[in-house]
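Worksheet: the structure to be examined is printed underneath.
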Amino acid sequence: MADFKRGSQSMMFGEIFRVALSAIRANKMRSFLTMLGIIIGIAAVIAMVALGEGAQRSVQARLSALGTNVLTVRPGQEMFGGVDRGDKKLTAKDAAAIRDGGGAVAAVSPEMSRRQQVNYVGKNANLNIVGGWPRYFELQNMKLEVGRTFNDAEERGRQRIAVIGAHVGEKVGLGDSKSLIDRNISIRGIPFLVVGVLKEKGDQGFNNPDEQIYIPLGTAQFRVFGTDRVSSILVQSTNETMLNNTMADIAVAMRRSHRIRPGEADDFNIRNQATLLSTFQETTRTFTFLLAGIAFVSLVVGGIGIMNIMLVSVTERTKEIGIRKALGARRRDILMQFLIEALVLCIAGGLIGAALGIGSALTLQKLARWNTAVAPYAVVVAIAFSGAVGIFFGMWPAQRAAKLDPITALRYE
């Protein structure tokens, strides 16, 4: 008897489900327009979260590549009468002072970079040129694919030699960067001999390291850029546990180099990569939640649209509801039918929106070169939320249909 009852309930649910689907199919265009708000909302949620996640991973990869035991010294702001006059001066002499100061400092390299016109056999490209000391490659965790890097003697002698990224060959129309080994390329009209090609690192945001050209710092300063200023100084600590000691050693060396008196403020900043990464992650997470929140609002608006259409549907099918009740349909059967209709509309809209959102993220990554990363949790949460929207906004119309008096419903015209 119990098995028969369960079988009857199963058949009843299957019939209710089929009736609900047939009602949706009967008004295909209206059903699609009803789902449109959910589709747009889900697509927006997934695309926005993918953009935020991609940006966070990009910067994390960029900073992690430096290592958590690498510090960055940057010039402070020069103020005069409350007016910002620009950055203070930072030079290679400051880097030498940090290097010679000893203590917990393991390696040092100043860095400067600018975009310049690069030419090879009539092919031109505007690429980022980076000047640094030989230890720069070690600090940036860069590996050689072929050839060699420049040495200290070549840096001091301001030699015109270059180490190129893995994709520089493509930028100058040659294809394979390794084919440029022992050939001359022109940077701002000055010939440079290519002595090495770096292994591919991948686009990590900012300037792509695979599309950069690396030259000795002295050559960059006095042959290419025409300035002795550097943009930053990279400093590697002996290990992660000595970061505070390294920061103290850097501060002492810099204050001595800049002749800063006791009690005067520093005219430089020391940035810890781990702290910078944590700060950026928090900022990106905040913006991701903000964007996702805005997108979720559109989901709620879509849910209200579904509720309105379901209420119209209840009104249109009042007589049908009366006939079903007269034939023995229970209140919960009517409730279940309309609730299933709302749920199916939202879940279907969620699935279509998920596909659209993933497609949009991949399109932005391919065409606009934006860093995107589709988070599986965002897809699951978005679809689950769309189902919750269907239940929440479908409950009132379903209850209204279920509570209709069969006699009044049969008389409805």
Side-chain angles (χ1 to χ4, degrees), residues 20-21 24-25 27-62 166-167 170-171 200-208 210-211 280-281 283-310 340-394:
L21 290 182
I24 293 173
R25 286 196 297 267
N27 297 281
K28 293 184 180 67
M29 182 55 69
R30 187 171 72 176
S31 298
F32 174 74
L33 294 175
T34 304
M35 290 189 295
L36 200 56
I38 299 295
I39 292 172
I40 294 172
I42 293 292
V45 167
I46 293 174
M48 292 301 99
V49 173
L51 284 172
E53 192 78 15
Q56 184 171 332
R57 291 185 185 181
S58 174
V59 173
Q60 184 173 357
R62 175 73 173 176
H167 296 165
E170 300 173 12
K171 292 295 180 179
E200 184 176 358
K201 291 196 71 174
D203 190 356
Q204 300 168 356
F206 308 113
N207 290 307
N208 187 345
D210 296 328
E211 298 175 357
F280 185 84
Q281 285 177 331
T283 304
T284 307
R285 193 175 294 114
T286 301
F287 276 104
T288 301
F289 285 148
L290 176 63
L291 293 172
I294 294 171
F296 272 122
V297 170
S298 66
L299 276 178
V300 174
V301 173
I304 294 172
I306 284 179
M307 182 176 65
N308 289 336
I309 293 299
M310 293 301 296
I340 287 174
E341 287 184 29
L343 189 59
V344 167
L345 287 172
C346 284
I347 294 294
L351 292 172
I352 296 172
L356 186 61
I358 294 171
S360 300
L362 295 176
T363 301
L364 287 172
Q365 185 178 35
K366 188 173 182 179
L367 298 182
R369 300 290 183 184
W370 290 3
N371 291 304
T372 59
V374 178
Y377 76 87
V379 177
V380 173
V381 170
I383 294 176
F385 188 80
S386 68
V389 166
I391 294 174
F392 181 80
F393 287 100

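Note that the numbering runs from 1 along the sequence shown for the chain. The structure displayed is predicted, hence computed values, not measured ones.
Here the closest heavy-atom approach between residue Ala382 and residue Val45 is recorded as CB-CG1, 4.2 Å. Scanning all heavy atoms of the two residues, the minimum distance from Leu356 to Ile39 falls at CD2-CG2, 4.1 Å. Across Ile42 and Ala354, no two heavy atoms sit closer than the pair CG2-N, 3.4 Å. In terms of heavy atoms, Ser386 sits closest to Cys346 at O-CB, 3.1 Å.
Remark: Lys201 NZ to Asp210 CG distance equals 8.5 Å, nearest 0.5 Å. In this structure, CG on Leu351 lies 5.0 Å from CD1 on Ile383, to the nearest 0.5 angstrom. One finds the CG atom of Asn208 at 8.5 Å from the CD atom of Glu200 (value rounded to the nearest 0.5 Å). The CG atom of Leu51 lies 10.0 Å from the CD atom of Gln365; values are rounded to the nearest 0.5 Å. Considering OG1 of Thr34 and CG of Asn308, their distance stands at 9.5 Å, rounded to 0.5 Å.
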**Asked** So Ile38 and Ile306, side chain to side chain contact (heavy atoms under 4.5 Å, CB included) or not? Walk me through it.
**Response** CA-CA 9 Å; Ile38 299 295; Ile306 284 179; 3.8 Å; yes

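Side-chain atoms of Thr372 come within 3.5 Å of backbone atoms of Ala361 as a donor-acceptor pair (strictly under, hydrogens ignored).
In this structure, Thr363 and Ser360 have side chains that are not in contact, with every pair of non-hydrogen atoms separated by 4.5 Å or more.
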